[in-house]
Amino acid sequence: METTHLQTDAAFTPAERDAVYKCIFNRRDVRGQFLPDPIPNEVLVRILRAAHSAPSVGFMQPWDFIVISDAAVKQKVRDAFQAAHTEAAEMFDDDRQQTYRKLKLEGILEAPVGICVTCDRSRNGPVVIGRTHQPEMDLYSAVCAVQNLWLAARAENIGVGWVSIVRPYDLRNALGIPATIHPIAYLCVGYVSNFFQKPELETAGWLPRTPLGDVLWCDQWHGRAGSEPLLEHLGR
Ligand SMILES: Cc1cc2nc3c(=O)[nH]c(=O)nc-3n(C[C@H](O)[C@H](O)[C@H](O)COP(=O)(O)O)c2cc1C
């Protein structure tokens, strides 16, 4: 069978390349700076289209996107967060616990929109190209959709905050998600008063950003031989 591969002439100009890096380096997880301004539907659809254009194992496209604007539904998600958050605090040792309790880790009620990204692990049949030996690849594919959404939103000057401190069971209940479907991410989405320059957890002293050179290796796990040319460019 003959196939035709249509080509695009989508070479990036230096300015366009810089815009992509600007978006990547200025993306933040947003919890506290949401504005109530509504997101125009055409903008929301652009962001969702970006998510839906993510790579996926065997082109499985295992995701669904639930857009949440109903205050009562948001409240259920917020209650679910609160229950998990209380449990989570107890898991840290005394010092960390105090800091943990001070952190703002969600903006569920403040964000005008919530988007839940899910993964249907059985979509398109039991055998999927690329999933035969690593079945978790469908979950990773759904996460790729989240990242596309996050970056597209940033380019639209819209903030996104990922809330994972919630029992999947509670999230399913709040959103009517069947037991066979995996909730991947609950995202708080909205325009913001400002984006922070650094991750909030870094600013709060929770963890520093790891230097790239500490996690970069050549040829072998933790291999340093031959790494000098790369490390030189890191300014070490
Ligand atoms: C899988 C995943 C789950 C996360 N869950 C939460 C969460 O429940 N609450 C929260 O405040 N931030 C959450 N975050 C955001 C991270 O804390 C944040 O990405 C990290 O601190 C780096 O900050 P930045 O995204 O602003 O660069 C999550 C991020 C990821 C990738």
Side-chain angles (χ1 to χ4, degrees), residues 20-34 47 50-51 54-56 62-63 65-66 68 74-92 96-111 113-119 136-172 174-175 182-212 214-215:
V20 172
Y21 284 122
K22 177 178 175 181
C23 182
I24 290 170
F25 294 131
N26 287 282
R27 181 209 53 77
R28 286 277 75 80
D29 186 83
V30 175
R31 300 95 184 246
Q33 307 101 266
F34 287 111
I47 294 171
S56 62
W63 44 70
F65 305 103
I66 308 170
I68 299 115
K74 282 187 200 164
Q75 187 61 54
K76 279 189 192 165
V77 177
R78 168 67 217 215
D79 292 347
F81 163 82
Q82 197 52 54
H85 186 49
T86 305
E87 281 174 359
E90 302 291 331
M91 296 176 192
F92 296 98
R96 285 298 227 189
Q97 221 178 92
Q98 285 191 13
T99 312
Y100 178 86
R101 287 181 201 280
K102 284 186 206 138
L103 298 171
K104 177 154 172 64
L105 296 175
E106 55 76 41
I108 299 161
L109 299 181
E110 303 95 302
V113 173
I115 298 178
C116 183
V117 181
T118 59
C119 180
E136 65 278 17
M137 290 299 142
D138 55 346
L139 302 171
Y140 299 167
S141 302
V143 175
C144 290
V146 175
Q147 181 71 347
N148 266 17
L149 187 156
W150 213 335
L151 290 172
R154 182 63 190 87
E156 300 278 3
N157 293 312
I158 287 172
V160 172
W162 187 326
V163 183
S164 57
I165 306 164
V166 59
R167 295 188 208 105
Y169 175 86
D170 289 346
L171 201 50
R172 283 197 182 96
L175 303 178
H182 283 244
I184 297 295
Y186 184 91
L187 305 169
C188 304
V189 183
Y191 290 104
V192 296
S193 57
N194 63 292
F195 286 93
F196 291 128
Q197 227 176 20
K198 290 182 170 184
E200 287 181 52
L201 293 185
E202 184 178 3
T203 305
W206 188 262
L207 279 173
R209 182 176 296 285
T210 308
L212 174 57
D214 289 5
V215 292

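Whatever order the structure lists ligands and atoms in, that order sets their numbers, starting from 1.
Taking the charged nitrogens against the carboxylate oxygens, E87 and R167 do have a contact shorter than 4.0 Å, which makes a salt bridge. The pair K74-E110 fails the salt-bridge criterion, with no side-chain N (NZ, NE, NH1 or NH2) lying under 4.0 Å from an Asp/Glu carboxylate O.
N26 places no side-chain N or O within 3.5 Å of a backbone atom of Q197 that could act as its donor or acceptor partner. Checking side-chain atoms of W150 against main-chain N and O of V160 turns up a donor-acceptor pair under 3.5 Å.
If you look at ligand 1, the protein residues with a non-hydrogen atom under 4.0 Å away are R27, R28, D29, R31, L105, W162, V163, S164, I165, P199, L201.
In this structure, W206 and F92 have perpendicular ring planes: the angle between them is above 60°, well past the 30° mark.
In summary, of the residues considered (R78, R31, Q82), a side-chain hydrogen bond (donor to acceptor under 3.5 Å, both in side chains) with E106 occurs for R78 alone.
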